[in-house]
Amino acid sequence: MSSNLLGGLNPDQLAAVTAPGSALVLAGAGSGKTRVLTTRIAWLIQTAQVSPMGLLAVTFTNKAAKEMLTRLSAMLPINTRGLWVGTFHGLCNRLLRAHHRDAGLPQQFQILDAADQLAAVKRLLKVLNVDTDKYEPRKVQAFINQNKEAGQRADKVEAWDPYSRRLTELFAEYDAQCNREGVVDFAELLLRSYELLARNALLREHYQTRFRHILVDEFQDTSKLQYAWLKLLAGPDTALFAVGDDDQSIYAFRGADVGNMGVFMRDMGLAEPIKLTQNYRSYSTILDAANAVISGNENRLGKDLWTDAGVGEPIRRYQASDDREEAGFVVEAIRDLHRDGLDYSDVAVLYRANAQSRAIEHALFTAGLPYRVYGGQRFFERAEIKHALAYLRLAANPEDDNAFLRVVNFPTRGIGARTLETLDAAARQGGFSLWQAACADAGKHKGLAGFVRLIEGLRAETANLPLPEVAEVGVERSGLLGHYRTEKEGERRIENLNELTNAASAFASESDDPSLTAFLAHAALEAGDYEAGASASAVQLMTVHAAKGLEFHTVFITGLEEGLFPHENALNEAGGLEEERRLMYVALTRARRRLFISHAEQRMLHGQLRYGLPSRFLEEIPAALVQSLNRRPSPAYTAPAAASVGVRVPQPSRDLPYQIGARVSHPRYGEGVVCGYQGRGAEAEILVGFPKVGDKWFILDYVKLTAC
DNA sequence: AACTCTTTAGTCGCG
DNA sequence: CTAAAGAGTT
């Protein structure tokens with residue numbers, strides 16, 4: 001019954017779920033966003049407003065798509081398999097496979113992940129004899145992706161200076177190479193799918209009439225191209241339902257355009273978004289802090305989170321002398337919490353930059369506390385897995401030059417750079433693949449002959465086998481297992497290779513297309529799954545970006561220093577500070593019950609000691625919500641003069657005779673470093689850190705210090 | 001082809 | 001500092 005389905009929703013949630021036609025839902029952190037999305041889908045289907053086939057739901061991550069499907073199948077007695085619910089990339093892949101002819105692609109096109117793409121760019125630059133000092137492969141790759149994400153082909157790029165013109169040429173050459181080889185990168189998946197719909201009216205109208213309801217999650221993260229794609233799929237009678245939070249837009253740097261929210265309202269003729277502001281996650285102290293911080297941003301649609309959960313505890317603030325001490329503080333606090341019965345996995349330690357995890361990891365490790373670091377290399381991105389997949393790709397299609405180059409001499413079989421050059425020249429001259437060149441030269445080169453025999457044997461043997469066995473045979477015949485057995489650190493890799501067979505089995509039983517091509521696409525699109533040890537009870541370490549969408553009982557936000565958070569690089573970008581502030585907002589709203597915020601006066605960064613003033617974001621949290629865990633209040637951040645924005649060290653003045661970071665000598669304690677100031681006039685004090693005795697406060701008027 | 005040395009860069013990162 | 005990539009050596 002629908003009453004059953006809609007029960008327990010608050011009025012705003014109910015309005016969102018049952019919105020007639022298109023709507024924009026401004027869903028604050030912890031406001032039940034996923035619940036609204038899934039309930040709307042279930043409600044639409046249950047009340048027969050749409051058939052499961054008339055529905056399209058898009059998310060950004062596989063995790064979000066999976067969660068939606070899981071919740072949906074709990075609400076509805078339907079098979080979720082055929083539903084068009086998935087990531088932008090996953091759905092585009094589906095579209096392109098179904099219409100590969102119209103899209104101008106081979107039906108078995110391969111998907112290049114970021115690393116594959118970079119390798120392809122490097123190969124191209126080499127072939128074209130491009131000076132890679134002037135045109136760095138990474139820059140070329142970024143140029144290509146940025147343009148594709150903006151919906152621009154090389155012939156549409158406006159390049160006025162010689163440098164951009166050359167980049168644009170390289171962009172065109174790169175696309176030509178991809179077309180020759182039948183491969184598609186992530187950005188291409190979207191652009192090609194967009195063009196397919198834009199150019200083919202019949203196809204477009206088919207999908208426009210079919211999809212009666214399109215739902216989009218995390219709408220603030222959509223790029224221009226993604227929004228254009230959505231609009232192409234939506235016909236005049238399609239309801240577009242977008243859910244997002246402009247205050248949580250933290251991915252502008254990778255093409256997300258919050259402006260899409262305003263554009264969407266205008267395009268759909270919507271007067272107001274539906275606002276979900278009741279928060280079901282945190283105590284009001286945490287929300288008040290988050291609301292106060294985010295109110296510092298000018299460009300926002302505007303909303304305040306509230307809760308009836310109660311005030312909760314004050315936010316604990318800690319000032320550490322350096323990053324090691326900060327880590328020590330975090331560890332001690334976690335120990336106490338655990339002693340009081342909190343599970344380790346209920347605690348998250350957040351930081352702005354990955355480099356900060358080292359000190360915290362070290363402290364946790366030394367203290368013997370279990371922890372897990374998010375991010376880092378994912379299963380399908382591991383070298384041994386990519387090698388094995390390359391063998392499988394060659395088994396399916398030996399003309400795959402990318403796969404060929406990856407494993408032609410791995411494990412080594414005496415095919416060096418020289419041999420490859422010959423092959424490459426022959427292939428380029430004859431206009432055929434490296435594999436064909438290799439077959440032609442197999443009589444002349446013993447190593448090549450062995451490789452050709454190996455791949456042909458693999459092809460013959462796997463031709464009629466089901467996927468899991470193809471994977472098994474591929475791993476065995478590749479010689480990778482033998483190679484890693486002789487390596488010191490090879491054990492872990494062998495485990496991963498065995499896990500690959502399991503992954504293939506799991507995929508074969510879950511997917512409705514258990515082909516090798518489908519599995520390879522799956523590997524590129526869902527590189528992160530199959531990670532072991534995810535459920536263990538461990539402290540969670542991650543960047544603030546990685547924490548988006550998650551929640552924890554207790555959260556530590558560390559490294560709250562000017563230059564680090566907000567990050568100095570962001571301060572030089574237009575809108576950078578506002579994005580950093582949204583990042584802080586995301587960090588704050590991850591906490592359900594308890595929040596610690598900390599900063600260090602100095603920290604080791606790039607092998608150098610750096611001194612950081614407390615982050616301005618600390619001062620943006622109302623003092624009444626914060627309890628300092630230090631004996632003395634820490635020196636406040638004061639906004640720097642416009643000319644010195646981004647400068648980490650304040651200029652000396654009458655009140656501050658030494659720069660922070662200056663080396664000084666004290667008659668009793670010897671040499672030290674100036675770490676901070678507090679108070680004014682006669683009460684002014686100076687904080688000096690000494691290597692042996694630690695930090696000391698001195699009355700500025702009395703202390704005898706000399707610069708050194 | 002394997003090994004060693006040097007250089008270099010270093011925000012965040014879905015698919 | 002430190003990891004990774006490129007260059008140079010054996």
Side-chain angles (χ1 to χ4, degrees), chain A residues 58-65 86-94 111-119 122 126 132-133 136-139 142 145 148-149 184-190 193 217-218 221-223 225-226 249-256 323 350-359 362 374-378 380-381 383 409-420 447 487 521-529 542-549 559 563-573 576 579-580 582-584 586-587 603-610:
Chain A
V58 202
T59 63
F60 272 85
T61 63
N62 291 301
K63 201 177 161 203
T87 62
F88 278 101
H89 293 87
L91 294 171
C92 286
N93 175 51
R94 200 158 161 180
I111 299 170
L112 303 184
D113 68 17
D116 297 332
Q117 185 190 29
L118 185 62
K122 281 182 181 165
K126 200 165 185 185
T132 48
D133 287 333
E136 296 164 54
R138 296 209 70 96
K139 296 267 171 65
N145 288 337
K148 286 191 180 184
E149 275 157 23
V184 163
D185 59 53
F186 284 140
E188 183 71 22
L189 229 33
L190 292 164
S193 158
D217 190 18
E218 305 276 19
D221 286 340
T222 50
S223 66
L225 178 59
Q226 284 162 338
S249 161
I250 55 173
Y251 284 113
F253 70 92
R254 75 176 188 213
D323 47 351
L350 309 185
Y351 36 81
R352 175 67 178 83
N354 279 309
Q356 291 166 250
S357 78
R358 186 173 285 276
H362 182 254
Y374 272 68
Q377 234 194 1
R378 296 182 293 172
F380 281 111
E381 287 171 356
N409 197 33
F410 193 95
T412 50
R413 46 177 74 85
I415 304 173
R418 198 58 165 276
T419 315
L420 280 178
E487 243 189 23
H522 167 82
L525 294 173
E526 299 186 38
D529 285 5
M542 67 190 85
T543 63
V544 180
H545 281 91
K548 197 176 104 171
L564 190 57
F565 196 180
H567 199 280
E568 55 190 342
N569 293 0
L571 296 175
N572 300 322
E573 293 161 12
E579 179 138 326
E580 294 290 301
R582 291 192 291 269
L583 201 50
M584 180 64 180
V586 168
R603 80 171 57 239
M604 212 55 164
L605 208 61
H606 308 326
Q608 280 182 344
L609 259 192
R610 302 229 319 196

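Computed over heavy atoms, backbone and side chain alike; hydrogens, waters and symmetry mates excluded. Quantities reported herein were computed from a predicted structural model and do not represent experimental measurements. A note on names: the letters A, B, ... follow the listed sequences, proteins ahead of strands, and every chain is numbered from 1.
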Query - Check: Leu112(A) main-chain N/O paired with Asp185(A) side-chain donor or acceptor under 3.5 Å - result: no
Requested in this report: Using the C1' atom on both, measure dT11(B) against dG6(C) and round to a whole Å.
Outcome: 25 Å
Query raised in the report: Can you find a pair of side-chain heavy atoms, one from Thr543(A) and one from Arg352(A), that are under 4.5 Å apart?
Result: no
Report task. Return the 5'-most residue of the pair Ala524(A), Ile415(A) with respect to DNA chain B, ranking by each residue's nearest nucleotide. Result -> Ile415(A)
**Report entry** Phosphate-side-chain proximity, Arg254(A) and dG15(B), N/O vs OP1/OP2 below 4.0 Å
**Finding:** no
Report task. For Gly375(A), report the nucleic acid contact type (base, sugar-phosphate, nothing); a contact means any heavy atom under 4.0 Å. Result -> nothing
Query - Separation of atom CZ in Arg378(A) from atom C1' in dC14(B), rounded to whole Å - result: 7 Å
Query raised in the report: Can you tell me if the side-chain N/O atoms of Arg358(A) get under 4.0 Å from OP1 or OP2 in dA3(C)?
Result: yes
Requested in this report: Could you tell me whether the side chain of His545(A) reaches within less than 4.5 Å of the side chain of Phe253(A), counting heavy atoms only?
Outcome: yes
Query raised in the report: Given atom CG of Leu350(A) and atom C1' of dG13(B), what is their separation to the nearest angstrom?
Result: 16 Å
Report summary line: Note: for Arg413(A) and Leu583(A) on DNA chain B, the residue whose nearest nucleotide lies more 5' is Arg413(A)
Query - N or O in side chain of Asn354(A) less than 4.0 angstrom from dC12(B) OP1/OP2 - result: yes
Report task. Could you state the atom-to-atom distance from NZ of Lys548(A) to C1' of dC12(B) in whole Å? Result -> 12 Å
**Report entry** Side-chain ion pair, Arg378(A) and Asp113(A), N-O less than 4.0 Å
**Finding:** no
